[in-house]
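Note on naming: letters A, B, ... go to the chains in the order of the sequence lines (proteins, then strands), and numbering restarts at 1 for each one. Values below: every heavy atom of this structure, side chains too, minus hydrogens, waters and symmetry copies.
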There are 2 protein chains.
Amino acid sequence: MTHAPMNRAQRLRLTIEDEIVNGVLRPGARLDEAQLAERFGVSRTPIREALLQLAVTGLIEVKPRRGAVVSMPDPTRLLEMFETMAELEASCGRLAARRLTPEHQAALAAALEACRAAAEAGDLAEYYAENTVFHAVIYRASRNGFLCEQALALSRRLAPFRRIQLRARNRVGQSFAEHAGIVEAILSGDEAETAARARAHVLVQGDRFSDLILSLGRDDAAA
Amino acid sequence: MTHAPMNRAQRLRLTIEDEIVNGVLRPGARLDEAQLAERFGVSRTPIREALLQLAVTGLIEVKPRRGAVVSMPDPTRLLEMFETMAELEASCGRLAARRLTPEHQAALAAALEACRAAAEAGDLAEYYAENTVFHAVIYRASRNGFLCEQALALSRRLAPFRRIQLRARNRVGQSFAEHAGIVEAILSGDEAETAARARAHVLVQGDRFSDLILSLGRDDAAA
DNA sequence: TGCGCGCTCGTTGGATGCAAGAAAGCCCAG
DNA sequence: CTGGGCTTTCTTGCATCCAACGAGCGCGCA
């Protein structure tokens, strides 16, 4: 229902974006036009167009005459991005608390339940997936399509850095508890409380990540 | 200090973006590749690249095989965008209230004073310019570079639609009063109050614009 | 006379070719 | 043996060219 026939550049953009978001292409990885062109069986033109577009989203960086690499924000910038994400989540949550419809309420409950199941099963990959869904449901519940898109975009952009974090000890259990708290606040219609909890939920990730940053060192420059 | 030597596509992107933001190219205007190429004395390739990038930012829309036009969001989406802008402004204000440094405090005072001067002089164009500066100062005072960029980007995207609005009766006077209120809240360090005032300040524009939408009708389809 | 079909033309999508800039290797001098 | 400058080579930037898709128009048929 969503997309009309897309041209090559658009499809390539989505494909490459997915590879970045899903960790196939790691931050710091170099993106050679000719190489990608050969890999996808197209000429350099659509590849260039795709890369240029990804550069605008911030997922990659192109330096003039120097080619493109997957963005590797420094710790400060990453913290700023997480803080911004926290603000967006807070805004979505606040609006959701104000405007919750029965449909969105049901979706929220279902997403929370799926998180619970994954958490109790101890299935990390599954929890990661359901966590993503849960947040997307909140974005949608804000009933602001544009805000929802912005939140999703930043979320995707941060995915490469959030991915590794759930491994932290018992983070899954704590994360789920926070989810439940957010839902509770939304259901009670308390805008301020919802915003505060949503913000805190994301900021915790931001805090955790600094350990991560230090731990991963330089090992992503390879391949 | 900011930009290294840029290639043609980047410069074209900035140029065209400016023309859109400053109202030279109005929403709905068609962007013909060959035409632009001739106008700027380059081939279609960098033009295409620039347009594709602008499409990602949302300033223009490209429909496959159908060419590009300056975005003309429908009223609903425009409201959503203003609401999102209000949230971003609220976040910036809140963080500014928490983190205000003497330098940013001085910048804030200066920007407010410039607004006052323009408002009292009744100079609409000047007020518009100083208003833009004032908001940018708040973004920066959040001390979150990424959030600041996001706010600026959305602000630019909304510029074509905000531009016409200050003409409303006495909006300038009211706007200045709101600015003063926001500054006051920031100086007092009251995060919640700052956020509320910043949000309201932007939302008022959003409300006003619906009249606008209806009033401008279809006259932008022309060149 | 009104409607549908096909053709032409204009515009965009993509490929290829060429030139210019940057990085890496090489040679020579100290 | 080491450092600096040149050259070579690889990659990107841009222009040109061809193909494919859409839109608008005219013709023919009911």
**Report entry** Length of the line joining A:Glu33:CD and C:dT16:P, which is rounded to integer Å
**Finding:** 15 Å
Requested in this report: Looking at every strand, decide which applies to A:Val42 at a 4.0 Å heavy-atom threshold: base, sugar-phosphate, or nothing.
Outcome: sugar-phosphate
Query raised in the report: Hey, does the side chain of B:Arg30 come within less than 4.0 Å of C:dT12's phosphate (OP1/OP2), counting only N and O?
Result: yes
Query - Salt bridge flag under 4.0 Å for residues A:Glu89 and A:Arg199 - result: no
**Report entry** Atom-to-atom span, CG of B:Leu51 to P of D:dC14 - whole angstrom
**Finding:** 14 Å
Query raised in the report: Does B:Arg8 place a side-chain N or O at less than 4.0 Å from the phosphate oxygens OP1/OP2 of D:dG13?
Result: no
Query raised in the report: With a 3.5 Å cut-off and just heavy-atom distances, do the side chain of B:Arg44 and the base of C:dG13 make a donor-acceptor pair?
Result: yes
Query raised in the report: Which whole-number value in Å describes the distance from A:Asn7 CG to D:dG22 P?
Result: 12 Å
Query raised in the report: Is the closest side-chain heavy-atom distance between A:Glu80 and B:Leu147 below 4.5 Å?
Result: no
Query raised in the report: Can you tell me how far P of D:dA15 sits from CD of B:Glu38, to the nearest Å?
Result: 14 Å
Requested in this report: Would you please confirm or rule out a distance under 4.0 Å between OP1 or OP2 of C:dG14 and any side-chain N or O of A:Thr45?
Outcome: no
Report summary line: Against the side chain of B:Ser43, the closest entry in D:dG13, D:dA23, D:dA15 is D:dA15
Report summary line: Rounded to whole Å, the CG-C1' distance (A:Leu52 to D:dC14) equals 12 Å
Query - Integer-rounded Å distance: D:dG13 P and A:Lys63 NZ - result: 12 Å
Query raised in the report: When you measure from the side chain of A:Arg65, which nucleotide among D:dG13, C:dG14, D:dA23 comes out closest?
Result: D:dG13
Requested in this report: Output the single nucleotide from C:dT11, C:dT16, C:dG13 whose closest atom is nearest the side chain of B:Asp32.
Outcome: C:dT11
Query raised in the report: CD of B:Glu49 versus P of D:dT12: gap in Å, rounded?
Result: 12 Å
Requested in this report: State whether the side chain of B:Arg157 and the backbone N or O of B:Thr57 hold a donor-acceptor pair below 3.5 Å, judged by distance alone.
Outcome: yes
Query raised in the report: Taking only N and O in the side chain of B:Arg48, is any of them less than 4.0 Å away from OP1 or OP2 of C:dG13?
Result: yes
Report task. Indicate yes or no for a side-chain donor-acceptor contact from B:Asn22 to the backbone of B:Val24 under 3.5 Å, with no hydrogens or angles considered. Result -> no
Report task. Could you point out which residue of B:Glu49, B:Gln35, B:Glu33 forms a side chain to side chain donor-acceptor pair (under 3.5 Å) with B:Arg44? Result -> B:Glu33
